[in-house]
K.L.:
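The structure's right below; bear with me while I get my questions together.
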Amino acid sequence: MQNPTSADIQRVREYLLDLQARICAALEQQEQQNGSTVQFEIDDWQRPEGGGGRSRVLQNGQVIEKGGVMFSHININNLPPSATERHPEIAGAKAQAMGVSLVIHPNNPNVPTSHANVRLFVAEPEGQEPIWWFGGGFDLTPFYPNDEDVLNWHQAAHDLCAPFGDEVYAEHKKWCDDYFYLKHRNEQRGVGGLFFDDLNQWDFEKCFEYIQAVGNGYLAAIIPIFKNNQDKPFTAEQRDFQLYRRGRYVEYNLVYDRGTLFGLQTGGRIESILVSLPNLAAWSYRPEWDQASAEQRLTDYYLKPRDWLKELK
């Protein structure tokens with residue numbers, strides 16, 4: 001297996017910083033189209049153990065209630081259990097990890113919450129060759145979904161995977177469905193997308209090309225969804241439902257998300273780790289909706305693993 005050089009790692013870093021900037025610029029443009037001048041605030045930070053990052057956060061916009069697009073490149077002197085549970089061979093090793101991770105919580109309940117992440121991990125066990133892999137993906141969490149958006153989201157995921165093998169979309173879609181699942185609620189977090197980890201079965205260059213396709217694919221897929229939905233009218237009841245469903249998002253990120261756990265176990269920067277949480281969320285005791293309502297259809301139909309490309313075409 002080809003090991004990445006320092007120049008390779010620098011190329012990944014440069015791509016991630018550029019991706020972060022492009023995503024923020026595109027989302028700011030959506031704000032500007034609605035007459036908002038709110039922008040992503042840039043917060044550069046360092047950590048004592050080595051490395052740091054650039055946090056970019058937008059709050060209280062016309063379109064986005066809270067959005068965090070976070071870059072980090074950190075050094076780790078002793079890997080935590082969340083990183084070594086599936087890789088005991090690297091327990092205690094030094095490592096570096098870099099990535100862009102984002103969560104965007106729109107104001108309008110007709111616009112889904114979206115998440116994306118692309119990352120590189122390189123461990124250096126003493127006396128051994130470096131061990132590396134890529135990971136990432138993107139997923140969509142709608143409150144009032146429409147079939148056009150769900151189909152286009154998965155079509156974009158399918159198309160970016162196609163050059164890398166006929167099986168990639170199906171495998172990484174299933175991985176996403178399995179990963180973003182709330183066991184205690186017995187429901188999916190959303191309508192899925194792509195998720196992958198430990199990606200090193202190809203050579204480094206092909207793996208790097210794939211995470212670029214995923215990062216660029218998120219941006220290409222999410223902007224039309226904003227444009228199609230951000231100006232739709234909504235009621236106070238729909239806003240209440242959005243906050244209720246955001247509670248599920250909080251539950252997932254605090255109970256199951258490996259990235260959150262990794263950040264906490266490595267002494268990460270708390271503001272950056274928890275930026276994925278919305279400013280507002282709600283929990284209601286045993287809420288009920290009419291069986292024919294859009295709210296009930298979300299859980300009865302959309303929050304289940306489905307072959308969206310077959311069902312919606």
Side-chain angles (χ1 to χ4, degrees), residues 68 79-88 99 101-105 109 112-119 121 133 135-145 150 153-154 157 168-199 214 218 240-266 268 270 273-278 280-289 291 293-308 311:
L79 285 166
S82 60
T84 62
E85 180 180 1
R86 293 173 298 117
H87 297 278
S101 182
L102 65 91
V103 176
I104 308 298
H105 294 287
T113 288
S114 61
H115 161 258
N117 172 259
V118 284
R119 59 190 181 272
F121 178 86
W133 61 77
F138 53 66
D139 64 286
L140 197 68
T141 304
F143 311 103
Y144 291 93
V150 176
W153 182 259
H154 279 275
V168 174
Y169 168 73
E171 290 179 356
H172 291 181
K173 176 194 177 296
K174 183 180 185 307
W175 204 340
C176 186
D177 290 338
D178 292 345
Y179 182 71
F180 292 109
Y181 172 69
L182 285 80
K183 300 180 182 67
H184 64 286
R185 298 287 190 179
N186 190 29
E187 66 184 28
Q188 305 303 122
R189 187 168 83 171
V191 296
L194 301 172
F195 180 83
F196 59 96
D197 207 354
D198 302 348
L199 181 72
V214 171
Y218 164 79
D240 288 343
F241 183 68
Q242 177 194 39
L243 298 184
Y244 168 71
R245 290 303 311 179
R246 280 183 181 173
R248 295 287 205 272
Y249 209 91
V250 172
E251 289 175 23
Y252 181 87
N253 277 24
L254 294 182
V255 175
Y256 299 114
D257 188 77
R258 288 208 307 262
T260 301
L261 185 61
F262 177 81
L264 295 174
Q265 290 183 347
T266 55
I270 297 300
I273 296 167
L274 300 183
V275 75
S276 64
L277 305 183
L280 297 174
W283 285 263
S284 300
Y285 183 70
R286 301 184 68 185
E288 296 182 2
W289 291 275
Q291 291 300 306
S293 67
E295 290 81 3
Q296 191 62 45
R297 182 166 169 76
L298 175 69
T299 52
D300 287 350
Y301 178 73
Y302 286 99
L303 299 186
K304 300 184 185 301
R306 297 184 181 279
D307 188 340
W308 298 108
E311 289 201 23

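On a predicted model such as this, the values are computed, not experimentally measured, just so you know. Note: hydrogens, waters and symmetry copies are ignored here, and every other heavy atom, side chains too, is used.
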K.L.:
Under a 3.5 Å threshold, yes or no: a donor from one side chain and an acceptor from the other, between E187 and Y181?
P.N.:
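Side chains of E187 and Y181: no pair found under 3.5 Å.
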K.L.:
Restricting to non-hydrogen atoms, name the atom on P142 and the atom on P112 that form the minimum distance, rounded to 0.1 Å.
P.N.:
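Nearest heavy atoms, P142 then P112: CA-CB, 3.6 Å.
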K.L.:
I'd like to check Y179 versus D257 (side-chain heavy atoms, cut-off strictly below 4.5 Å). Are they in contact?
P.N.:
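Yes, side chains in contact.
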K.L.:
Measuring only between side-chain heavy atoms, which start at C-beta, is L140 closer than 4.5 Å to S114?
P.N.:
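The answer is yes; the side chains approach within 4.5 Å.
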K.L.:
As an exercise, state the distance from CG of N253 to OG1 of T260, rounded to the nearest 0.5 Å.
P.N.:
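N253 CG to T260 OG1: 5.0 Å, rounded to 0.5 Å.
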K.L.:
What are the two closest heavy atoms between G192 and W153, and how far apart are they?
P.N.:
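Taking every non-hydrogen atom into account, O-NE1, 3.0 Å.
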K.L.:
Please walk me through it: do D197 and R119 pass salt bridge (Lys or Arg N to Asp or Glu O under 4.0 Å)?
P.N.:
CA-CA 9 Å; D197 207 354; R119 59 190 181 272; 3.5 Å; yes
K.L.:
Go through the structure and list residues passing side chain to side chain contact (heavy atoms under 4.5 Å, CB included) with D300, not counting sequence neighbours.
P.N.:
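Checked D300 against side chain to side chain contact (heavy atoms under 4.5 Å, CB included); matches are Q291, Q296.
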K.L.:
Are the side chains of P287 and Y244 in contact, using a 4.5 Å heavy-atom criterion?
P.N.:
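Yes. Closest side-chain heavy atoms under 4.5 Å.
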K.L.:
I'd like to know if the side chain of W308 and the backbone of V191 have a donor-acceptor N/O pair within less than 3.5 Å.
P.N.:
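At least one qualifying donor-acceptor pair exists.
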K.L.:
Would you call R189 and T113 a side-chain contact if the rule is heavy atoms closer than 4.5 Å?
P.N.:
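No, side chains not in contact.
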K.L.:
P278: which residues meet the side chain to side chain contact (heavy atoms under 4.5 Å, CB included) condition with it, sequence neighbours left out?
P.N.:
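Applying side chain to side chain contact (heavy atoms under 4.5 Å, CB included) to P278 gives H105, R246, V250, A281.
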K.L.:
Distance check, rounded to the nearest 0.5 Å: Y249 atom OH versus F180 atom CZ?
P.N.:
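The CZ atom of F180 is 7.0 Å from OH of Y249, to the nearest 0.5 Å.
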K.L.:
Just wondering, do R245 and T299 contact through their side chains at under 4.5 Å, heavy atoms?
P.N.:
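Result yes, sub-4.5 Å side-chain heavy-atom pair found.
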K.L.:
Report the residue from K173, Q188, H115 that forms a side chain to side chain donor-acceptor pair (under 3.5 Å) with D139.
P.N.:
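Filter result, single survivor: H115.
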K.L.:
Give, for atom CG of L194 and atom CG of D177, the distance between the pair rounded to the nearest 0.5 Å.
P.N.:
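These two atoms lie 10.0 Å from each other.
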K.L.:
To the nearest 0.5 angstrom, please state how far the CH2 atom of W283 sits from the CZ atom of R248.
P.N.:
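Spacing of CH2 (W283) from CZ (R248) equals 10.5 Å.
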K.L.:
Can you confirm whether F241 sits close enough to W289 that some side-chain heavy atom of one is under 4.5 Å from a side-chain heavy atom of the other?
P.N.:
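Counting from C-beta outward, F241 and W289 do come under 4.5 Å.
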K.L.:
Considering only heavy atoms from C-beta outward, does the side chain of V275 approach that of L102 to under 4.5 Å?
P.N.:
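Of all side-chain heavy-atom pairs linking L102 with V275, none is under 4.5 Å.
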K.L.:
The criterion is salt bridge (charged side-chain N to carboxylate O under 4.0 Å, His left out); which residues satisfy it with D198, sequence neighbours excluded?
P.N.:
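Once residues adjacent in sequence are excluded, the partners of D198 under the salt bridge (charged side-chain N to carboxylate O under 4.0 Å, His left out) criterion are R86.
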K.L.:
Could you label the plane-to-plane angle of the F138 and Y218 rings as parallel, tilted or perpendicular, counting under 30° as parallel and over 60° as perpendicular?
P.N.:
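Tilted: the ring planes of F138 and Y218 meet at 30° to 60°.
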K.L.:
Can E295 and Y144 be said to form a side-chain contact (heavy atoms from CB on, under 4.5 Å), step by step?
P.N.:
CA-CA 7 Å; E295 290 81 3; Y144 291 93; 2.5 Å; yes
K.L.:
Does the structure place the NZ or CZ of R258 under 6.0 Å from the centre of the six-membered ring of F262, at an angle of no more than 45° from the ring's axis?
P.N.:
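So R258 doesn't make the cation-pi contact.
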K.L.:
Just by modelled atom types, is the V103 backbone N or O under 3.5 Å from a matching donor or acceptor in the S276 side chain?
P.N.:
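It does not hold such a pair.
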K.L.:
First locate atom NE2 of H154, then atom OH of Y169, and finally report the distance between them rounded to the nearest 0.5 Å.
P.N.:
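Between H154 NE2 and Y169 OH, I get 5.0 Å after rounding to 0.5 Å.
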K.L.:
Kindly indicate whether the side chain of L277, heavy atoms from C-beta on, has any atom under 4.5 Å from the side chain of L254.
P.N.:
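Touching, per the 4.5 Å side-chain cut-off.
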K.L.:
Return the orientation label for the Y252 and Y256 ring planes: parallel under 30°, perpendicular over 60°, tilted otherwise.
P.N.:
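Plane angle between 30° and 60°, so tilted.
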K.L.:
Go through W133 and F196 one step at a time and tell me if the side-chain contact (heavy atoms from CB on, under 4.5 Å) criterion holds.
P.N.:
CA-CA 10 Å; W133 61 77; F196 59 96; over 6 Å; no
